[in-house]
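Residue numbers start from 1 in every chain, and the chains themselves are labelled A, B, ... in the order their sequence lines are given, proteins ahead of strands.
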Amino acid sequence: MAYFLELLFNGALTGLMYSLTALGIVLIYKSAGVPNLAQGAMVMIGAYVVWMLASMADLPLYAAIALAAVGMFGFGLLAERLLLRKMVGQPIIMIVMLTLGLEIFLRGLGPGLLGASPKSLDLGIPLTPVIIGDVFINRDYLVGGIVAMILVGLSLLFFRTRLGTKLRAVSDDHVSSWSVGISVERAVGISWGLAGISAVAAGTLWGSVQGVDWTLSTLLFPAVAVVILGGLDSIIGVLVAGLIVGILGSVIPGYVDPIVGGGTRDVVTSLIILFTIMIRPHGIFGREDIERV
Amino acid sequence: MTADAAETTPTTATQSVLTMSNVEVVYDKVFLAIKGVSLEVGQGQMVALLGGNGAGKSTTLKTISGLLAPERGEVTRGQVHFMGEDLAPLGPSQRVDRGLVHVLEGRRIFGHLTPEDNLLAAFSLKSDRRRYQQLRDQVYTYFPRLKERARTKAGYLSGGEQQMLAIGRALMTEPQLLMLDEPSLGLAPVLVEEIFSIIREINANEGVSVLLVEQNAAAALEIAHHAYLVENGHIVMTGEADVLRQNPDVQEFYLGGAGKVDYHNVKHYRRRKRWLA
Amino acid sequence: MFYRLSGVHHTRYETARRLWPVPADRWQVWILLALAVAAPLYMSDLYLSSYMLPWLVWSAAALSLTLLMGVAGQLHFGFAAVMAIGAYSSIHIVRAGWPFEIALIGAGLTAAFIGCLFGAAALRVKGLYLVMATLAMQYLVDWVIINVPAISGGAQATLQTPDVTFLFVPMQSDAALYYGALLWAVIVTLLVLNIKRTSFGRALVAVRDKDYAASIIGVNSFKYKLLAFFTSSFLGGVSGAVLAFCYYQAVTPEQFGFNVSIQLVAMVLVGGLGSVIGAYLGAGFVLLAPIFLTNMVAYAAIQGWLTVSSNLLAHIPLMAYGALIIGFLLFEPLGLAKIYDNIRKYFLVWPFRHSRS
Amino acid sequence: DNDTIKFALLQDFTAVYTFLTDEYNQGQRDYLRLINEEGGLDGRTFEALVRDTGNEPQRGLEAYNRARREGAVLVDFLSTPVSRAAVNRVLNDEIVMITALHGRGDASDGTTFPYIFPLMATYWSQATLLAEYIEKEEGGLEGKRIAHVYIDSPFGREPVPVLEELADRKGFELRTFAYPSPGNEQSSTWSDVRRYQPDHVLIWGAGGGQAVSVREAIRNGIDPSNILSVVWLAETDARTVGADRAKGVKRFEAVATGTDYPIMERIREKVLDAGLGTGDEENVGTTYYNIGVATMAMAVEAARLALEEHGGELTGEKLRDGFRMLEDYDAEGMMPPVTFTEDDHQGGGYGRVSEWNGEEWEPITDWYAAYQDIVWEEIEKDAAGFREGR
Amino acid sequence: MDTTDQTTHDGVTLACEQVVRRFGGLKALKGIDLGIRQGEIFGLVGPNGSGKTTLVNAVTGFYPPQEGRIVFEGAAINHLKPYQVAARGIARTFQNVALFKGMSVLDNILLGRHIFMRPSALASLFYWWWAQKEEVAHRRQVEEIIDLLQLESVRDEPVDVIPLGMQKRVELARALAAEPRFLILDEPMAGMNQEEKEYMVRFILDAQEALNLTILLIEHHMDVVTAICDRVAVLNNGEKIAEGTARDAIKDPAVVAAYIGKSNDAA
Ligand SMILES: Nc1ncnc2c1ncn2[C@@H]1O[C@H](COP(=O)(O)OP(=O)(O)OP(=O)(O)O)[C@@H](O)[C@H]1O
Ligand SMILES: Nc1ncnc2c1ncn2[C@@H]1O[C@H](COP(=O)(O)OP(=O)(O)OP(=O)(O)O)[C@@H](O)[C@H]1O
Ligand SMILES: CC(C)C[C@H](N)C(=O)O
Ligand SMILES: [Mg+2]
Ligand SMILES: [Mg+2]
């Protein structure tokens, strides 16, 4: 039982850590309609920037994080201006490939300029677990989970605002947004900027756990599972699906791995993606396409 | 038809809100869609733009509202001025800020948002909340039906309701010039009537100038002050609505002759060959 | 100019619908084919076996994928997994003692079967969701291959390809391997070209463009989507086998990883979605660009034109490659095939500038 | 130009192996520089052909074919998939391929793979060596519980058969735990490990996943001193865990770390101080840098022996013979003495155990090799499979 | 107006019996009865959202009715998939043009003949032996339709660049290519001016004559409906509120209130 609870708790927290990456994808999709497969690479860049500011420019860590958030917001604006502005109206596959091109580019940029060998980023979170009964809870993930919930909450509030409504309108139809005076460029830029900020959060937390190197960009995969399950345009979905993906990805391997003798977490993740798409493609909270014959 | 009618710029007594001179638009860098179109909309005027399929009416409106780019269209010649200002350097959203709004063909409301949010999305961030409520209530007095359905997803509204929403949404931007692209498309007769009377009301009550693109020439000529006929990318005829209504060509091609059409005996425009012999 | 449309009249439907109605195009194809056949005579073995051969096989793979993505509109981000299934099947079939010819067909069939299974799972959805579903499929196939040593080849996770003969020709010499690849590329090319101009291809395109409209003219869109998955997975599987036997001569799981799937998609897109010539151009680009960039940057460094750390040096090509992909999508979304087409059109209408007004 | 000897270092600078390539390659090139600065081999200088392959067999083979035409006599891919794909070509082309700490372990069988040299202890040898270390420390393995926690890939699984064989022989209990690659998240795996209450854990991963393993192990109450790692655990990993927290963690070491060796001193003097270094000086003396130096030290020594014996232009075949003439070569104390023979291309499977003391990796044993009989059974089995497959 | 016994009347080729279709909580069709006789042009009118398109979708298998039956030529078709419906000889056009964008006009129309073809990948591979004959034979048929609908000038154009009116015509051609016995037209004249409407009417009448078609026509242009429809039914809110000749129907006060509007006397 304690084993189960431990898998459950740590899984839930891991899931929230995935949500940090997933949140960026949803923020962009929700307002620009772009599935950003470069979000993993943005997380990596976010971590690199924090590392650079903290250890190369010798800033205090928290100042570095704040500064990196500003920088990544700028990066988001830049991505819109240079890349996405020209892609309006292109088929989805082109846009997917564009973000993959961006991901390749970023994977060259970060490690190329700042060094490919892993960097360490110490947040000073103690290694000792929080122990409740016989259940060990990971402090790193606890912090990550809390940060994730705060960010999700803030995003929810943001989309309730008037600006948020405009962003939702933009995701619906770019051309008609223009026609009623919404600056689509600015809206899309803002959403990329916000995704940049969430990438800094994800990058810092994950980077402190595993070191900063290009493998941070592989966080994309679990994040994709989270957004598919939660719904590509649902912020609350990020939270709920993050928990589900995290828990299933922890509990099932916890019992199945010893039997099959392999790391089945990614199998579980893949199956979550597959089954979601087969049963309810738009996810738990995602909006269904209104398609009329 | 008199082709040179297009060359003489129409002069109206009132001051003009919009002037378009000699505009040429190319799609995809290869396809010349409009070829030297000039037109003018006077302050408080309602102007109709009529013409066949593919004549270039929608292209004209998109040129004015700056929405050609997403369709790979480009203005290659000519100018558009709105209230004396050259529109060329302005992006679409800036043009809306100046008071010019375009209701797109096929409605294109934000289907996933509620009607209420549709209205909110169109409302400028620069004005305050109270103004928003005023405007919204104004829209609801024009279209009481929208108020009833304010909380369902707009994508599930009926065609007529969506058209109302599209017009209402445009009004939220407090326009000086309202451009409507085929507002009666696919609507039931009763709704066509309703929409046209509301358009007339908006024009008359609020002094909003209107540029109206329509296939339903009879209805359009009834409410418009002035009209232009576009064919094949050219303005082929222009004049006061009343005058045009009497023109025999207009009657044959746009109004269906003086009396009722006998569809069983409409002309064969070409010698017909038997097929499946 | 050499492209002439005037004077080329078609008086029969047969000639109007032939593959290359313009004689100049026809000549080009024949010349290219002749050059390809004669390649071992004039090409050094480095170029023959490091560039020509893999290029042909990857082109065949890209063609298989463009049939699915471009013609049938079914996005697939796990095509490398399909190729992997083909490659592993063929090796295991040959090891089991069957002739290579059978192994190739077997490779196609297993790949087609498993490909269809996944296709069927994803058939309710399109676009982005299909991307995600196939991506998940890639992970699943990878996992199975890695975790079943009987498939991947024991502790070393490598299977060497056994020596085989194809139609009585031993597949050992560079030339024999090259001709094997060439033959396969030609077959796939003809198949895709012909599919595109016959009712099968039209039905696929119909399903891609508007599946509900397709169904009302009698096209069973479920069946045709499945057929598209089947055909293209079959071709992809055989391409995987040809790649293993003619090029790598060994298979390891990494040869068909997720990044390879991305590369295949990039080939199809950079080349031009649905275009046959585009598949060749795209495969060439994606295959050669990183190699070319790496060699170029290394050369610049050796010459002392570029004095940066070796780490940055190694990452410049990656950045440039990403930037090139982005550049293509931004500036010519229709791909290399469109650029080719523009040039061709220029000559076609020469000396005029526009084909339409 | 037969007075330059070309070594092709066609490695993965941008993908899976980045955690070590930069430093490893820097060590290799600095060493070749040193030899050149010292006058080369009878006036013959060395040239490193360096290319990134991104861990892609495709690009690796192209680079290989090109390097071969440029006259390279030795190739080092530092990538398991690329090396494996190149095996047949290398054997046909008669060019030496070194596969230190990667590639096929069974290539230690020199008769089956005459041109391939694993040079250092295979993963099998590393596993047996670590097991023997535990055995010595604990005074026997009988009844012990050992957890093998590995990245779910062929590499992670590779030592399992020899560990199982050892467990049979020595009567200890072995359980394996896999976590999915790349290993940035392993919490559920370690919850399971903790409940197994192992006496020792072997961690078998690479890159960022290694730091995560150590963190999780410590978090789950496993004493750092009972954590033993495969060769891939370096200074940065310890720092990511936390320099103090990682104190006591042990690892397999193939080559000495640090700069207190004659070769390293010469590199400092003639290469670095002369401003000829090929990379960041901070890397000099790190684990992976020194491994790079050691590979080239062996290669250059082999070349020297080959030229002494055969003279003339250096070919792949001569170089192979040169390697096989290496006897008790220890790179002036930097590495265990290795001897290659026609049969044994592993060089004996030596290594040692070192421990993180809060600042650096400190050796805690001498160079030794363990249970090579079991290792060679495994080598023979796989090599036989390879021979049949052809 | 003798509605009830018309379905049993001889000559009825398509009958809807108590057809119900719901979307979530919304009941879009509330038990529709309809009988369309062989050879007639039957008009279906009604306000926006009254369920006209939904009814057509029910008939063609897109939104199979949840209750009730649809009988075509004596056999129930309400369980069939759209492509099976097509094979029974029913063709339709869509309210929003649904052509295949990537293809030329010619290929679009050729696709209309899909049900007569035997497409396969293998046959394509050996084009010259297997597929070519089929292609050419069907091409002949298609040319006839192109001629009838005067589409020669755009034959090789990609469909997405030709004007909307032409596109509607191509869609009609594609439907005719299947040689249907029953044709459903969903607002074929939306967005057309007078002249274009006249063209379209001409083509519809010609096609009906040449192919001996039964036609179900949805249209909001009441002048056209009154002129060419033999009978009409009026839907409102998912219910049939009137049926009979066009002239009678539009005088029905319920119809006037719901659909026509007071000042409109289009007939
Ligand atoms: N995005 C586009 N790309 C290429 N050609 C276009 C594009 N949009 C319109 N056209 C062409 O430009 C011409 C004018 O089109 P436009 O849409 O302005 O006509 P319209 O008068 O509004 O017709 P309709 O009554 O059908 O709405 C048409 O021939 C059309 O085919
Ligand atoms: N796919 C769907 N999902 C949900 N509701 C639908 C769907 N299709 C139609 N409806 C609803 O069913 C009702 C009938 O719609 P339908 O399209 O049949 O109307 P119509 O009579 O064709 O109107 P119009 O004249 O505007 O074309 C409408 O309220 C519509 O919102
Ligand atoms: C990353 C590497 C050091 C791992 C190992 N050599 C492998 O075979 O994949
Ligand atoms: Mg228009
Ligand atoms: Mg309808």
Colleague: Of the backbone (N, CA, C, O) and the side chain (C-beta and beyond), which part of B:L187 lies under 4.5 Å from a heavy atom of chain E, both, or neither?
Modeller: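 Answer is both: backbone and side chain atoms of B:L187 are under 4.5 Å from chain E.
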Colleague: Given B:Q215, which partner from the list E:Q194, E:M192, E:E196, E:M189 fulfils the side chain to side chain contact (heavy atoms under 4.5 Å, CB included) test?
Modeller: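 So, applying the side chain to side chain contact (heavy atoms under 4.5 Å, CB included) to B:Q215 and each of E:Q194, E:M192, E:E196, E:M189, only E:E196 qualifies.
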Colleague: Can you give me the closest heavy-atom contact between B:V190 and E:A258, atom names plus distance?
Modeller: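 That would be CG1-O, 3.6 Å.
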Colleague: If you take all heavy atoms of B:A188 and E:G46, which pair is closest and at what distance?
Modeller: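 Shortest heavy-atom contact: CB-O, 4.4 Å.
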Colleague: Tell me whether the count of non-hydrogen atoms from other residues, nucleotides or ligands lying under 6.0 Å of NZ in E:K101 goes above 12.
Modeller: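 Check fails, neighbour count at 12 or below.
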Colleague: Hey, is the main chain of B:G186 close enough, under 3.5 Å, to the side chain of E:N48 for a donor-acceptor pair?
Modeller: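 Side chain of E:N48 to backbone of B:G186: a pair is present.
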Colleague: So what's closer than 4.5 Å to chain B heavy atoms on E:V224: side chain, backbone, both or neither?
Modeller: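 For E:V224, backbone and side chain are both near chain B.
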Colleague: Can you tell me how far the CG atom of B:N53 sits from the CZ atom of E:R169, to the nearest 0.5 Å?
Modeller: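 It comes to 9.5 Å.
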Colleague: Could you tell me whether B:K147 atom NZ has more than 12 heavy atoms of other residues or ligands within 6.0 Å of it?
Modeller: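 No, because the 6.0 Å sphere around NZ of B:K147 holds 12 heavy atoms or fewer from other groups.
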Colleague: Taking all atoms of both residues into account, what is the closest heavy-atom pair of B:P189 and E:I260, and its distance?
Modeller: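 Here B:P189 and E:I260 meet closest at CB-O, 3.8 Å.
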